[in-house]
Amino acid sequence: MRGLFVLMGVLALSGCAKEESRQPAPDVLLVTLDTLRSDWIHAYGFEQATSPSIDALASRGVLFENAIAAASLTAPSHASMMTGRYVREHSVGTLNGESRLEGIATLAESFSLAGYETAAFISNVVLRRRTGLDVGFDVYDDMLGESESNRPAYFERKAQETVGEALAWLSEQDSSSPLFIWLHLQDPHGPYQPPEDFEGRIGSVPLRMKGDLPVLTRNQGQAGIPAYQELAEVRDPAVYAGRYAEEIMYSDFWLGRFIEAFEAHTDSRSPVILLTADHGESLGEHGFFFQHGQSVLPELVRVPLIVVAPGIESRRIPELVSHVDIAPTLLDLAGLPALPDPSGFSLAPLMVGGARPVSREVFSDTEGESALYAEDRLTRVLGSGLSTRRGDSAEPLRSETLIRRPDGAWRPVPTDAAALERISAYLEQAVPPSPVGAMEPEHIEQLRALGYLDPEAESENSGP
Ligand SMILES: [Zn+2]
């Protein structure tokens, strides 16, 4: 509760502490954008204006310059946000949409127990309720009526649809209970196909790679366009990159619409808004294009993290922070008790200029790879025994340490033995993932009744 105490102190200085003590609990909005690397957001330094709504949040809130995702895969990453624990500390593990969150208190449960109306609107099949991410939500809208153009069983929906549902729900809420809303938008995730009125607004964005790329036969791999990303007759990486930027622009547009309605609804409650992404995207680094999940290198785990809260002034914070800090921070800002034994902590003290944590280190994971990030370096371990899907393999362990240079580039140095030891200890205490169950019969019925795609056809929806 230290963070809340500091926050109240700031409010006291501004002369509104008495009023604050009578303030109702804040409405809370958690926004997660899929596959959005921070350096493609204007507020984080991207040249073009891809993100006016996100930039507006940053201009009146706190922007964390160095936020590390708990995973470079969608479901594990969100499970860490919801529990305040690292990926190998919860039962989703590194299985993307094929494991179930069980036995750990969640953010939504805390809000629900505190009398909040809780609602989630998600847009990616790997976040469906069968993953257990719905625990604690009164409404969990995972009605996905579309599928990716190259993967028919990979269900999703566009920002316009998801935000439309969230707006309809919001319009039915009165002000008797505070709200906790999780809004997940999928669009920057490939294939990059922005709607017509956004396509061409950015145009090509040159990457370091020049010339056309072949299309790979698989969904992951180097030196080519992953099969799931293929756009008909497009082979120029600069065109893909431009479409990626336009998808960001499209999501940002609908996000802006929702934030406007949310703030109008919540006016008297001084809302809290936290925005992040589940992971980034490779755009040519190490020869990987338009994919994620294959490593936990910076392009895949450096994500935006922006928080707007009452009494908090706009500032940029360079300290290293993590997805596991999200649940502790939101509970603290709402004045609610912390979750039991979180690995993260409330960022509220940092947000009001308080003391920085001493030499913070944070974990990030994907299948077959784990990393420990420190302020200016990362150490990663790849190989044997790390994969929770395939079990032990004969592949030998490999490790490396990379240091961030002042120009932002990362260079290898001798492996940090102490960091390696901490990763090993972290991996040794890993919780085994709980396999996902069958879809609930009533949910299948509900989807069919609404005329959606046959949900039982989702046999191959793993992957990035
Ligand atoms: Zn994702």
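Atoms within each ligand, like the ligands themselves, are counted from 1 in listed order.
Figure legend: Arg129 and Tyr140 shown without cation-pi pairing, the cationic atom not lying both under 6.0 angstrom from the six-membered ring centre and within 45 degrees of its axis. A cation-pi arrangement is not found for Arg88 relative to Tyr86, the charged atom failing to lie both closer than 6.0 Å to the ring centre and inside a 45° cone about the ring normal.
At least one N/O/S atom of Thr74, from backbone or side chain, sits under 2.8 Å from the Zn ion (ligand 1).
Looking only at its N/O/S atoms, His279 has NE2 as the one nearest to the Zn ion (ligand 1).
Counting only N and O atoms by type, the side chains of Thr329 and Asp325 include no donor and acceptor under 3.5 Å apart.
If you put the vertex on the Zn ion (ligand 1), OD2 of Asp278 and OD1 of Asp34 sit 100° apart, to the nearest 10°.
In this structure, the ring of Phe121 has its center no less than 6.0 angstrom from the ring center of Trp182.
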